[in-house]
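Below is one structure, written out as structure tokens; the observations come after it.
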Amino acid sequence: MHALATRLRRLPASCGPVRLIGIDGHAGSGKTTFAGRLAAALDDAPVLHLDDIATHEELFDWTGRLLTQVIEPFGRGETARYLPYDWRARSFGAPRPLPPAPVVLVEGVGAGRRALRPYLARLLWLEVPNEEAWTRGRSRDGEEQREFWAGWVAAERRHFAEDPSRPYADLLVRQRPEGYEVLPGPAGTSGSTLFLTHGNGPSAVC
């Protein structure tokens with residue numbers, strides 16, 4: 001994981017002083033777990049979860065809120081303050097600060113949408129087929145979320161049909177039993193494949 005972290009730190013800033021890294025993929029593909037491990041390798045880089053930006057009524061129609069609350073402050077070199085959505089209370093919480101760190105991760109379905117790509121230093125895509133990812137997600141969330149998942153799958157299909165992310169990914173991330181494999185994506189230039197371990201040991205680079 002540290003090999004990827006080093007590669008990302010070397011990128012030029014993309015949003016004010018920030019190297020904004022998008023982590024996209026189908027719901028249930030493992031984006032949150034991967035982002036947490038990558039953030040740790042980046043010395044606890046801030047992570048913005050798009051689940052905190054979306055709402056029940058705006059599963060994907062949240063671009064304006066993200067631009068206003070996060071992207072524009074970062075562009076000025078300021079700390080962003082966004083209102084996290086509480087999915088149980090169905091309301092927004094108190095403002096949460098997000099500092100303009102050297103690297104900030106944005107993870108969630110739609111992180112690579114066209115409105116955000118100009119502000120991203122790199123876009124990573126979790127390479128898991130949609131049906132497999134959705135099965136994982138349903139299993140994770142349990143029976144009580146069955147109705148939500150039915151609506152979500154339809155909404156996600158529409159979103160990616162209208163605004164796909166994968167074709168613009170710089171890197172593809174595949175989970176392996178021992179960690180992750182990171183390959184050049186459809187929009188990336190030719191480069192090395194990284195094999196990243198789950199732990200803090202060295203990664204094999206080929």
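No side-chain donor from either of Y82 and R65 sits under 3.5 Å from a side-chain acceptor of the other. No hydrogens or angles considered: a donor-acceptor pair under 3.5 Å links the side chains of W125 and E127.
Cluster membership check: L38 does not share its hydrophobic cluster with V128, using side-chain heavy-atom separations under 4.5 Å among Ile, Leu, Val, Met, Phe, Trp and Tyr.
Here the side chain of K31 pairs a donor or acceptor atom with the backbone of H26 at under 3.5 angstrom. Of the possible donor and acceptor atoms, one in the side chain of E156 sits under 3.5 Å from a partner among the backbone N and O of A27. Distance alone, capped at 3.5 Å, is enough to place a donor-acceptor pair between the D170 side chain and the L123 backbone. For the pair S14 (side chain) and A121 (backbone), a donor-acceptor distance under 3.5 Å is present. Remark: side-chain polar atoms of R117 are paired, donor with acceptor, to backbone N or O of G112 under 3.5 angstrom. Between the side chain of R19 and the backbone N or O of L11, at least one donor-acceptor pair lies under 3.5 Å. The backbone N or O of L126 lies less than 3.5 Å from no partner atom in the side chain of S29, so there is not a single donor-acceptor pair.
The closest side-chain heavy-atom distance from T79 to F74 is not below 4.5 Å. Contact of the V103 side chain with the I21 side chain is registered, since non-hydrogen atoms from C-beta on lie closer than 4.5 Å. Looking only at side-chain heavy atoms (C-beta outward), D51 and W87 come within less than 4.5 Å of each other. Residues V106 and D24 form no side-chain contact, since every pair of their non-hydrogen atoms from C-beta on lies 4.5 Å or further apart. The shortest side-chain heavy-atom distance between L124 and R122 falls under the 4.5 Å cut-off. Side-chain contact between L183 and L171: absent, with no pair of heavy atoms (C-beta onward) separated by less than 4.5 Å. Within the 4.5 Å cutoff, the side chain of L83 has heavy atoms near those of the Q69 side chain. The shortest side-chain heavy-atom distance between L98 and V70 falls under the 4.5 Å cut-off.
Nearest heavy-atom pair across G22 and A111 is CA-CB, 4.3 Å. The two atoms that bring R81 and P95 nearest to each other are CB-CB, 4.4 Å, heavy atoms only. Scanning all heavy atoms of the two residues, the minimum distance from P73 to A80 falls at CB-CA, 3.9 Å. Here the closest non-hydrogen pair linking A94 and P84 is O-CD, 3.2 Å. Nearest approach of T55 to E58, heavy atoms of both residues: OG1-N, 2.9 Å. Across all non-hydrogen atoms, the minimal contact from G77 to P100 is O-CG, 3.7 Å.
R76 has a carboxylate O that lies under 4.0 Å from a charged side-chain N of E78, or vice versa, which qualifies the two as a salt bridge. Under a 4.0 Å N-O distance rule, the pair R158/E162 does not qualify as a salt bridge. Salt bridge status for D52 with R96: present, with a side-chain N to carboxylate O gap under 4.0 Å. Under 4.0 Å is where a charged nitrogen must lie from a carboxylate oxygen, and between E131 and R157 at least one such pair does.
Under the ring-ring contact (aromatic ring centres under 6.0 Å, His included) criterion, Y168 pairs with no residue at all, not counting sequence neighbours.
In this structure, Y119 places its OH atom where only 12 or fewer heavy-atom neighbours from other residues, nucleotides or ligands lie under 6.0 Å away. Residue R10 places its CZ atom among 12 or fewer non-hydrogen atoms of other residues, nucleotides or ligands, all under 6.0 Å distant.
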| task | Would you check, one step at a time, whether the test side-chain contact (heavy atoms from CB on, under 4.5 Å) holds for M1 with L42? | result | CA-CA 9 Å; M1 196 64 73; L42 287 162; over 6 Å; no

| Given the rule in the side-chain hydrogen bond (donor to acceptor under 3.5 Å, both in side chains) test, do S165 and R113 qualify, once you have shown the distances and angles that lead to the verdict? | CA-CA 6 Å; S165 295; R113 60 176 46 192; over 6 Å; no

| request: Begin from the C-alpha positions of D43 and R9 and carry the test side-chain contact (heavy atoms from CB on, under 4.5 Å) through to its verdict. | output: CA-CA 11 Å; D43 300 321; R9 284 194 187 99; 3.1 Å; yes

| request: Would you check, one step at a time, whether the test side-chain contact (heavy atoms from CB on, under 4.5 Å) holds for V109 with F60? | output: CA-CA 8 Å; V109 181; F60 291 99; 3.5 Å; yes

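For the pairing with H56, the ring pair (Phe, Tyr, Trp, His ring centres under 6.0 Å) check across F92, Y85, W152 returns one residue only, Y85.
Separating the CH2 atom in W149 from the CH2 atom in W134 is a distance of 8.5 Å, to the nearest 0.5 Å. Note that CG of L8 and CG of L20 are 11.5 Å apart. Values are rounded to the nearest 0.5 Å. Here E57 contributes atom CD and L59 contributes atom CG; the two are 8.5 Å apart, rounded to the nearest 0.5 Å. Rounded to the nearest 0.5 angstrom, T32 OG1 and R37 CZ are separated by 11.5 Å. Put simply, CG on N130 and OG1 on T135 are 9.5 Å apart, with the number rounded to the nearest 0.5 Å. Between atom CH2 of residue W62 and atom CG of residue L67 there is a gap of 9.0 Å, rounded to the nearest 0.5 Å.
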